[in-house]
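Following: one structure in structure tokens, then a few remarks.
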Number of protein chains: 2
Amino acid sequence: MAKSGSASKVKASGGARSEVTRQHLVDAAIATLQDRGFAGTSARAIAERAGSNQGLIFYHFGSVANLLLAALDAVSHSRLEQYGTSVAGTSSLTELVDAATDIFQTDLDAGYLTVLVEMIAGASSSPGLGPEVAARIGPWQEFAQTAVESSLRDSPLAALLPAKDVAYAVVALYLGLEMLSHLDGDRGPALDLFAHARLLAQLIERMTATTTAEETT
Amino acid sequence: MAKSGSASKVKASGGARSEVTRQHLVDAAIATLQDRGFAGTSARAIAERAGSNQGLIFYHFGSVANLLLAALDAVSHSRLEQYGTSVAGTSSLTELVDAATDIFQTDLDAGYLTVLVEMIAGASSSPGLGPEVAARIGPWQEFAQTAVESSLRDSPLAALLPAKDVAYAVVALYLGLEMLSHLDGDRGPALDLFAHARLLAQLIERMTATTTAEETT
DNA sequence: GTCTATACTTGGATAGAC
DNA sequence: GTCTATCCAAGTATAGAC
């Protein structure tokens, strides 16, 4: 349905030029959420960073809220994709914790989690934003659940701790650690925690091995 | 009793009338943070709820940010006091989890944690707000650390998990659970988690008892 | 179709009324 | 000392220019 040469993309505003502008605005929205927070991410603040006129936000996205959701989409997709490849290479609980540590460090340093936290906390400020944000956080919980399931599959803990509940806690912890680390400007305590989680993972694996050995005896 | 002579009090403490107005504004700020979020908590929104003129906020508190900090102070003090009495009555890990469950449920239903989350997330929007908020979250971590220490004192887990790190995680988890529950409008998953934590606490206590018995044999 | 200039609303803060 | 009327900056959104 490409009309003329310039209109090959799917969006209502379909030109290549439009796509570039949209991308600039999304990038600027992410950056602004990261260092000004939700309340500081106004159309003017975003546009200034993008080097665009603020009116473009309403032309391309209809509202600031829609642009912010597009920004959340971009971060969410890009991170979940990365998570998938990182976790695919793990086969034990300890390796999963190692992968999670790397992921968390990157998320923290690059401010990806900040975008999530600001959007979740900011959702209550804007009518109708809540469900939209929730729909974009859902995949994070699904991903966490899958990762937890495959790592606890052979563990006796699986009976005691449903993967869904553990995944919910993992995502909550992730968000909470971002909040505290960001607030203090110190990622040290959070990383210490991952180090301890690794030790705990090793302990659990040893216990599991022992249990299995006893059962097969 | 409207005015006893010409009021002789200074601005900050003021007369009884001033104190009433301040309290109304603090209460309204808390309520507004809870259902409009940080970004929606403007001087006008607060004043409307308090039944006051918005200029009063600047007269009594100097700025909206200062009023919000006073609101955070009020919530923080009142909750930590409650936590203290609740946890004082516990002597085992299981009882601690029970107390935490009650506390969490109240926090969630009454929106106390919402105030914390909104202030933490909103802190990045306002220059200089971060350290002020951090100073008011610190006591929460100290409280959590004390509670964790007294409950893990006799446990072999204490060597593996420093109370400070566990407390950091507990506070982070608390905040994260509030965010997710609030976003979904469903506290069910979070409460399920507490139920599982209780089972885990019982398991740990049984393991600890066994270990102790073996050691004394 | 894409973008800019402009309209109108809301927000923070204060000068001045009581 | 306490509160209100008013000011101006910043916000969203659109009408109209290119």
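Closest-nucleotide positions on DNA chain D for A:Thr41 and B:Leu56 were compared, and the one nearer the 5' end corresponds to B:Leu56. Ranked by how close their nearest DNA chain D nucleotide is to the 5' end, A:Gly55 and A:Ala39 are led by A:Ala39.
Counting any heavy atom pair closer than 4.0 Å across all strands shown, B:Ser52 reaches no nucleic acid atom.
When each of D:dT12, C:dG12, C:dA5 is scored by its nearest atom to the side-chain atoms of B:Ala43, the top-ranked nucleotide is C:dG12. In the set C:dA5, D:dT4, C:dT14, the nucleotide with an atom closest to the side chain of B:Phe58 is C:dT14.
For D:dG11, the OP1/OP2 oxygens have a side-chain nitrogen or oxygen of A:Ser42 closer than 4.0 Å. Considering only side-chain N and O atoms, A:Tyr59 lies under 4.0 angstrom from the phosphate OP1 or OP2 of C:dT2. In this model, the phosphate group of C:dG1 is not approached by any side-chain N or O of A:His60 to a distance below 4.0 Å at OP1 or OP2. Considering only side-chain N and O atoms, B:Thr21 lies under 4.0 angstrom from the phosphate OP1 or OP2 of D:dC3. When the side-chain nitrogen and oxygen atoms of B:Arg17 are compared with OP1 and OP2 of D:dC3, one or more of them lie within a distance under 4.0 Å.
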Quiz item: What's the verdict on side chain to side chain contact (heavy atoms under 4.5 Å, CB included) for A:Val64 and A:Phe58, showing C-alpha distance, side-chain angles and the deciding distance?
Solution: CA-CA 7 Å; A:Val64 174; A:Phe58 302 93; 3.9 Å; yes
Exercise. Report the C-alpha separation of A:Tyr83 and A:Trp140 in whole Å, then their side-chain angles, then the decisive distance to 0.1 Å, and conclude whether the ring-ring contact (aromatic ring centres under 6.0 Å, His included) test is met.
Key: CA-CA 10 Å; A:Tyr83 293 178; A:Trp140 288 65; 5.3 Å; yes
Practice problem: Could you summarise the pairing of DNA chain C as dot-bracket text, marking Watson-Crick and G-U pairs under 3.5 Å with ( ) or [ ] inside the strand and | across strands? | Solution: ||||||||||||||||||
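The side-chain contact (heavy atoms from CB on, under 4.5 Å) test with A:Leu173 is passed by exactly one of B:Leu173, B:Leu175, B:Leu177: B:Leu173.
Between B:Leu191 and B:Phe104, some side-chain heavy-atom pair lies under the 4.5 Å cut-off.
Interatomic distance, B:Arg49 CZ to B:Leu25 CG, rounded to the nearest 0.5 Å: 12.5 Å.
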